[in-house]
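Heads up: the structure comes next, in structure tokens.
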Amino acid sequence: MAVDAQDLFRRWGYLQANLDPMGRLEPAPLDELDAVPEEHAARLRVFYCGPIGAEFMHIPDPKRRAWIAERMESEPGPVDPQAILQALANAEVFEQFVHKRYVGSKRYSLEGAAALIPLLHAALESAAQLGATTALIAMSHRGRLNVMAHIVGVPASHIFAGFEDVEARRFLGGGDVKYHLGATGTYTGASGKDVHIHLVSNPSHLEAVNPVAMGRVRARQERMGDDGRTRVLGITIHGDAAFAGQGIASETLNMMDLPGSRIGGTLHVIVNNLIGFTTEPRSLHSSRFSSDVTRRLSVPVFHVNGEAPEAVV
């Protein structure tokens with residue numbers, strides 16, 4: 001029974017994970033999981049039904065499945081809670097300042113999803129330790145200025161200058177241009193290793209940047225030679241509604257393992273506020289999660305409740 005229970009939770013546990021701090025996404029009723037004896041279920045629910053749900057049992061490679069399961073069922077590694085708290089505070093204060101200082105200005109806030117910033121810190125830190133020297137980030141408007149300030153390293157004064165309508169006529173038609181612009185900087189992690197960051201410019205078609213970023217990563221990798229695949233990382237940040245609703249996202253995913261497009265994998269982050277395009281998920285996409293479009297690929301999906309302290313720390 002223990003082995004069967006383990007497989008059941010590995011496969012279906014994410015459907016009962018605690019993912020929505022607002023309580024709108026109820027755990028799915030699953031007789032298979034509810035029938036598991038308590039002595040087995042209690043431990044497995046900690047791993048697979050908490051604030052992080054792992055969707056990985058569809059991957060055909062047993063070694064990859066075992067690798068993920070081992071890490072899901074192990075004690076978490078050491079973290080620096082103070083650094084995480086500082087990153088969250090920086091992100092929140094940034095948005096609060098913009099909201100109070102530039103009342104009425106069009107903005108695309110990261111409020112409610114500030115956990116994106118410590119997540120990017122962790123990803124870039126790990127990438128640097130594994131030998132990456134460059135990261136290309138593609139994202140739409142939501143939280144873009146926050147990422148520019150706290151990940152790319154663009155001075156806050158430069159960002160705030162975009163909100164200063166010193167001479168109104170100069171800004172006619174300007175709109176939200178500051179949310180489309182790219183940026184370049186250097187990220188220095190806690191280990192002291194540098195990663196050169198390139199935030200790719202993006203038009204209003206939110207997912208249009210995906211294949212552009214993928215091509216730029218591939219070009220840089222080829223110029224670097226044989227070890228280019230390990231030195232350049234692609235990170236793509238999506239909104240939940242755009243990821244599910246814009247076909248270019250699916251088309252780009254389809255190129256993942258084609259010989260002419262392969263870049264060794266991309267970290268995709270879906271910033272899901274469950275109110276995509278002002279509507280709730282039940283009226284937005286036909287599946288439970290906006291990420292379900294990835295199911296045809298041999299990739300894991302991790303669903304994270306970014307408001308749960310145990311998920312962040």
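Here the structure is a predicted model, which is why all the values come from computation and not from measurement. Starting from 1, each residue takes its place in the sequence as its number. Scope of the values below: all heavy atoms of this structure, side chains included, with no hydrogens, waters or symmetry mates.
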Begin from the C-alpha positions of Ile270 and Phe289 and carry the test side-chain contact (heavy atoms from CB on, under 4.5 Å) through to its verdict. CA-CA 10 Å; Ile270 301 176; Phe289 299 108; over 6 Å; no
Pair Phe56, Arg10 - check side-chain contact (heavy atoms from CB on, under 4.5 Å), show working. CA-CA 8 Å; Phe56 65 99; Arg10 287 175 175 176; 3.9 Å; yes
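- The shortest heavy-atom contact between Asn305 and Pro21 is OD1-CD, 3.5 Å.
- None of Arg220, Glu222, Arg218 except one satisfies the side chain to side chain contact (heavy atoms under 4.5 Å, CB included) rule with Ile263; the exception is Arg218.
- Although no hydrogens or angles enter the test, the distance criterion places a donor-acceptor pair under 3.5 Å between the side chain of Arg65 and the main chain of Pro60.
- At least one side-chain heavy atom of Lys178 sits less than 4.5 Å from a side-chain heavy atom of Phe163.
- With contacts defined as side-chain heavy-atom distances shorter than 4.5 Å, the pair Met224/Thr133 qualifies.
- Using a 4.5 Å cut-off on side-chain heavy atoms (C-beta onward), Leu33 and Arg45 make contact.
- With Ile235 as the partner, the side chain to side chain contact (heavy atoms under 4.5 Å, CB included) test is satisfied by one option alone out of Ile197, Leu124, Thr266, Ile151: Leu124.
- Taking every heavy atom of both residues into account, Ala213 and Val200 meet most closely at CB-CG2, 4.3 Å.
- Contact of the Ser109 side chain with the Val98 side chain is not registered, since no non-hydrogen atoms from C-beta on lie closer than 4.5 Å.
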Take Leu120 and Leu116 through the test side-chain contact (heavy atoms from CB on, under 4.5 Å) and record every step on the way to the result. CA-CA 6 Å; Leu120 291 175; Leu116 173 67; 4.1 Å; yes
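- Minimum heavy-atom separation, Cys49 to Gly13: SG-O, 3.4 Å.
- Both Met72 and Leu19 are part of a single hydrophobic cluster, where members link through side-chain heavy atoms under 4.5 Å apart.
- Judged by distance alone, the side chain of Arg71 and the main-chain N or O of Trp67 form a donor-acceptor pair under 3.5 Å.
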Between Arg295 and His58, does a side-chain hydrogen bond (donor to acceptor under 3.5 Å, both in side chains) hold up when you go through it step by step? CA-CA 8 Å; Arg295 282 184 174 177; His58 60 285; over 6 Å; no
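- Gly228 and Gln221 make their closest contact through O-CG, 3.2 Å (heavy atoms, listed as atom of the first residue, atom of the second, distance).
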Step-by-step side-chain hydrogen bond (donor to acceptor under 3.5 Å, both in side chains) determination, Gln129 to Glu125: CA-CA 6 Å; Gln129 293 179 8; Glu125 183 69 37; 3.2 Å; yes
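- Under the 4.5 Å side-chain heavy-atom criterion for ILVMFWY residues, no single connected hydrophobic cluster contains both Leu253 and Leu267.
- By the neighbour-count criterion of 12 heavy atoms within 6.0 Å, atom CD of Gln82 is sparsely surrounded, having that number or fewer from other residues, nucleotides or ligands.
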side-chain contact (heavy atoms from CB on, under 4.5 Å) assessment of Asp292 paired with Glu55: CA-CA 10 Å; Asp292 285 351; Glu55 192 175 350; 4.1 Å; yes
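- Looking at heavy atoms from C-beta onward, Asp34 lies in side-chain contact with Gln16 at the 4.5 angstrom threshold.
- Taking CD of Gln246 as the start and CG of Leu206 as the end, the distance is 5.0 Å to the nearest 0.5 Å.
- Using cut-offs of 30° and 60° on the angle between ring planes, the pair Phe97 and Tyr102 is perpendicular.
- Taking the side chain as every heavy atom from C-beta outward, Met256 and Val299 approach each other to under 4.5 Å.
- Judged by distance alone, with hydrogens and angles left aside, the side-chain atoms of Asn146 form a donor-acceptor pair with the main-chain N or O of Ala91 at under 3.5 Å.
- Atom CG of Leu119 is separated from atom CZ of Phe302 by 11.5 Å, given to the nearest 0.5 angstrom.
- Of all heavy-atom pairs between Phe243 and Ser290, the closest is CD2-O, 3.5 Å.
- A single hydrophobic cluster is not seen to contain both Val293 and Ile248; linkage of ILVMFWY side chains at heavy-atom distances under 4.5 Å, directly or through other members, places them apart.
- Pairing each heavy atom of Ala28 with each of Arg288, the nearest pair is N-NH2, 3.6 Å.
- Inter-residue side-chain proximity for Glu92 and Gln96 is flagged as met; some heavy-atom pair is nearer than 4.5 Å.
- Annotation: side chain of Leu181 is not in contact with side chain of Met148 (no heavy-atom distance under 4.5 Å).
- Neither Tyr48 nor Val301 shares a network with the other; the hydrophobic side chains, linked directly or stepwise wherever heavy atoms of I, L, V, M, F, W or Y lie under 4.5 Å apart, form separate groups for each.
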Verify ring-ring contact (aromatic ring centres under 6.0 Å, His included) between Phe94 and Phe160, making sure each step is shown before the conclusion. CA-CA 10 Å; Phe94 179 92; Phe160 298 148; 5.6 Å; yes
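- Here the CG-CZ distance, from Leu30 to Phe9, works out to 9.0 Å after rounding to the nearest 0.5 Å.
- With Tyr108 as the partner, the ring-ring contact (aromatic ring centres under 6.0 Å, His included) test is satisfied by one option alone out of His99, His180, His141: His141.
- Remark: His303 NE2 to Asp20 CG distance equals 13.5 Å, nearest 0.5 Å.
- Residues Ile137 and Val232 fall into different hydrophobic clusters, defined by Ile, Leu, Val, Met, Phe, Trp and Tyr side chains chained together at heavy-atom separations under 4.5 Å.
- To the nearest 0.5 angstrom, His238 atom NE2 is 10.5 Å from Met139 atom CE.
- For the atom pair CG of Leu110 and NE2 of His150, the computed distance is 10.0 Å after rounding to the nearest 0.5 Å.
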